[in-house]
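These notes are about the structure you will find just below.
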Amino acid sequence: MKETIRPSTVTVLCTYQCTAACQQCCFESSPRVKGALDSAFICSRLSEIKESFPSISIVVFTGGEALLLKDELLKSISHASSLGLKVRVVSNGFWAKRMDGALRTARALSESGLTELNISTGRDHQQFVPEESIINACIAAVEKGITTAVSIETDTEESDCLHSLRRDPRIEALLKRENFKIFNNFWMPFHTDAQRRQQSPDLDLLRKGCSQVFDNVVITPHGNISACCGLTLEHIPEMRLGKSNGTNIAELYLSQADDFMKYWLRVEGPYRIIETVMGDDAGKYVEDVVHGCQACAILHKTPEIRERLLENYEVHVASVMTRYALENATKGIEISKTKEMAREA
Ligand code: SF4
Ligand code: SF4
């Protein structure tokens, strides 16, 4: 099965340090957190991964706050770009307090080879990075030719970040451009004191397989390789594949080929797995779930679910592996069909 593992993405979690300290941050990031990768480490690992997995087409730099790496980030972007990869940065937009600074940063990012910028914002984020910075960041990035998306956490009853941003005339103008969009992201609580939000779970989405498994090679700020960059990754030991030593990333990543659970997650996703193994009891575990990674943490950390999985997983092996094989086979057909059409055009 190793030959079927052809990841398309590398995610570099550059640091867990952040200029903000959102209360429900999945990595508990804040300015106090220490530690970051440097460009020498990142560049060598990107070369290693690209050589091992030619299927890689995009690198995502995120954190914490990736732009805290400053020149180290720019060097890493340049290197990723020199490998022929698309490059995306995820940021909270702290660097765009003033328009002149925003334009300087956007120019440096663009000249280094950045193709996409994702800006995360919303009620929690805006306690640290105001809406005006987000608007500056969007205008500057789009002006420098960077495809830009703003991801907004679901509002509380009192907050209205999504509509406020959409109503701004400068953002209205950007929304007419092809390379700019805004989308709403489900907000996931990490602590019991979190204020609830008006979110109706999208069950169709929750019941889908996890597209990150076998598709994303993730480097953490501690130089570890992870199976995904899901919001709960640091809460699920099974996602940790081991420490990168400069030559072993393919070995670590492909070690998952023996792990049936990864195939199951890929094909059915954690929400459906809980429903399958817990039957009529599933509701009490998933009733508050709005995000797949939340279900994944519940699946891996609830002793009753783990016990039931261990007792019953064998009866699901044949159907899960068949569906996985079919998914791969179909992918192949689509690719060759597309190539054929491109040749004929
Ligand atoms: S901006 Fe993002 S990384 Fe930083 S504290 Fe908030 S949620 Fe965490
Ligand atoms: S659902 Fe699980 S495997 Fe998938 S990204 Fe989230 S934590 Fe990772």
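Whatever order the structure lists them in is the order used to number ligands and atoms, beginning at 1.
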Next item on the list: Assess whether atom NZ of Lys50 is packed by more than 12 heavy atoms of other residues, nucleotides or ligands within 6.0 Å.
Entry: yes
Check: Can you find a side-chain donor-acceptor pair between Ser120 and Asn118 that sits under 3.5 Å?
Finding: no
Check: For atom 3 (S) of ligand 2, what is the nearest protein heavy atom, given as residue, atom name and distance?
Finding: Met239 CE, 3.6 Å
Margin query: Closer than 2.8 Å to atom 6 (Fe) of ligand 2, what protein N/O/S atoms do you find?
Written below: Cys293 SG
Notebook entry, point to check: Can a salt bridge be assigned to the pair Asp38 and Lys75 using a cut-off of 4.0 Å between side-chain N and carboxylate O?
Noted result: no
Next item on the list: Using the salt bridge (charged side-chain N to carboxylate O under 4.0 Å, His left out) rule, collect all pairs that involve residues 101-118, keeping only residues at least two apart or in two chains.
Entry: Arg88-Glu116
Next item on the list: Determine the interplanar angle of the Tyr324 and Phe214 rings, folded into 0 to 90°, and report it as parallel if under 30°, tilted if 30 to 60°, perpendicular if over 60°.
Entry: perpendicular
Check: Does a donor on one side chain and an acceptor on the other come within less than 3.5 Å for Asn216 and Thr9?
Finding: no
Note to self: For Arg98, I'd like to know if atom CZ has over 12 heavy atoms of other residues, nucleotides or ligands within 6.0 Å.
What the structure shows: no
Check: Relative to the heavy atoms of Val213, which atoms of ligand 2 are at a distance of less than 4.0 Å?
Finding: 3 (S)
Check: If we ignore angles and hydrogens, is there a donor and acceptor under 3.5 Å between the side chains of Thr121 and Gln126?
Finding: yes
Next item on the list: Could you pull out the N/O/S protein atoms under 2.8 Å of atom 4 (Fe) of ligand 1, ignoring any water?
Entry: Cys18 SG
Note to self: Taking ring-ring contact (aromatic ring centres under 6.0 Å, His included) as the definition, give me every residue that meets it alongside Tyr271, ordered by chain and number, with sequence neighbours left out.
What the structure shows: none
Notebook entry, point to check: Is it the case that Ser151 and Asn185 place a side-chain donor and acceptor less than 3.5 Å from each other?
Noted result: yes
